[in-house]
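What follows is a set of notes on a single structure, which appears directly below.
Residues take their numbers from the sequence shown, with the count starting at 1.
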Amino acid sequence: QVVVDPCMSKFYTYLVAATDSAGNTGAQSAAIVVPVHDVIPPVRVKGFRVEGAEGAIILSWQPNEDCDVYRYNIYRALCDYGTWKPCDEDSDSLTAGRYRQEREKSSGANRSRPNANSNSTSQGNCGGPFTLIASVDHSEAETLMRFEDKTLPEDSPLCYAYVVAAQDSAGNQSVRFPVPDPIQDVVLCARLIDHKAPTPGSIARFSYDNNKIVVRARTVPVQDLMAFHLYRTTDTAAQYTFLQSKILDASSMQFIKSDRKYAPSASTGNICNLIPLGAMTSGMSVEFVDDSAVPYVKYWYKIATVDRDGNESAFSETSEVGTFTYGRQDLDSCVVTVGPDASGNRLKVQISTSAPATSIVSYAVFRSTSIDGQFRQLGVESATPEIIDSSVLRGVTYWYRAIVFFADQRYTDLSAPVSGTLP
């Protein structure tokens, strides 16, 4: 029986002696000393963590306590939506397929990842084989092992997969290759902290709907696009004001309106679950509805794009486009009261509204001899809310309605009809 010693701490001595059929045993042979060959891999590393930083991805793990571990090998591949996927062309294609199935079962319910994304070239992007990028000696072990991967391309938008394998002096590694175990081997994804602003969005076109300006914008492909910010001004020489944003919702992959700017958090910032491995082949579109626009006032708009790290596209590089809308916003109707004036020979029509007097340009009164009849304007517009009707007959009932006009081109609905009679 073969005896296995994982630490190669024992040696076994073998002697051979021949025995004949009569039971006679000859002299023993010379002694042969044989060490036991170690075929048992070290225990898998514990407490493995990865963290994105500026210019590097930092790996940490607890040093192994089992014997004969003398170094740790760091392997790297690529991640697609926060998960490493083996490629079908791997030598062990059956194992690769089993890995994908087991991985989906164990982590599919806990990973926020869209089921489909038209901006990725393929939903089957694989992370490729793991490549050895560095080794750390076990002799350097302290409370926590640490390695900084500074070999990544500058400003890389991709996510990288890492696995750490403990290796003993016999060459045994704790991680199974070429395809790691989907449950026991810990593969983690991380990406660099990104300080590079994305390319600005551009306004594709405007449309007008029910006194609203609809702003449609589009961006060139951005690997980690997270939000659009809409800015507006009435004077291109003045400062632009933030109006609203559209922020990508991870569960629905839709842009959701918000009154606040996007700011990264622990759940939305430098993580990989929305970062595809495949190159983005098309940009994204978004639609804003500005329902605070005043008719006939010209507005200038700018669209800024924001990535997951909160970097906003350069404002100076963003094109400004102007437009205006027409129509009016609905306002509360004014209120009319009617009664004889001080002389007792005329009817006085008093118009009131909740709007500030400084915003009002003029008032108009309309009169009819019946509540359901045709109302005609009484005289010309008045600069005051008090209008005297001197063309009335005693004992005849008249019906009055009014409109208030404002400086910003808006006006109220016609007031409810109110009757008045000069006794």
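With sequence neighbours left out, the side chain to side chain contact (heavy atoms under 4.5 Å, CB included) criterion links Ser368 to Ser370, Phe375. Residues meeting the side chain to side chain contact (heavy atoms under 4.5 Å, CB included) test with Gln62, sequence neighbours left out: Lys46, Leu144. Under the rule for a side chain to side chain contact (heavy atoms under 4.5 Å, CB included), the partners of Ile32 that lie at least two apart in sequence or sit in another chain are Val34. Residues passing the side chain to side chain contact (heavy atoms under 4.5 Å, CB included) test with Thr25, sequence neighbours excluded: Ala17, Thr19. Under the rule for a salt bridge (Lys or Arg N to Asp or Glu O under 4.0 Å), Arg49 has no partner lying at least two apart in sequence or in another chain. For Phe366, the ring-ring contact (aromatic ring centres under 6.0 Å, His included) test picks out no residue, with sequence neighbours left out.
At least one side-chain heavy atom of Val163 sits under 4.5 Å from a side-chain heavy atom of Phe130. The shortest distance between side-chain heavy atoms of Leu152 and Leu192 falls below 4.5 Å.
Ring pair Tyr72/His138: centre-to-centre distance below 6.0 Å.
Not a single donor-acceptor pair under 3.5 Å links the side chain of Asp137 to the backbone N or O of Glu140. Looking at Arg76, its side chain never comes within 3.5 Å of a backbone N or O of Thr131 through a donor-acceptor pair. Looking only at distances, no side-chain donor or acceptor of Ser245 sits under 3.5 Å from a matching main-chain atom of Tyr262. No side-chain donor-acceptor contact under 3.5 Å links Asp309 to the backbone of Asn311.
A distance below 2.5 Å between sulfur gamma atoms is not met by Cys159 and Cys79.
Ring geometry for Tyr231 versus Phe242: interplanar angle over 60°, hence perpendicular rather than tilted (30 to 60°).
Figure legend: cation-pi geometry between Lys257 and Phe288 absent, as NZ or CZ is not positioned both under 6.0 Å from the six-membered ring centre and within 45° of its axis. The cationic atom of Lys246 (NZ for Lys, CZ for Arg) does not lie both less than 6.0 Å from the six-membered ring centre of Phe228 and within 45° of the ring axis.
For the residue pair Ser419 and Val338, the shortest heavy atom distance occurs at O-CB, 4.0 Å.
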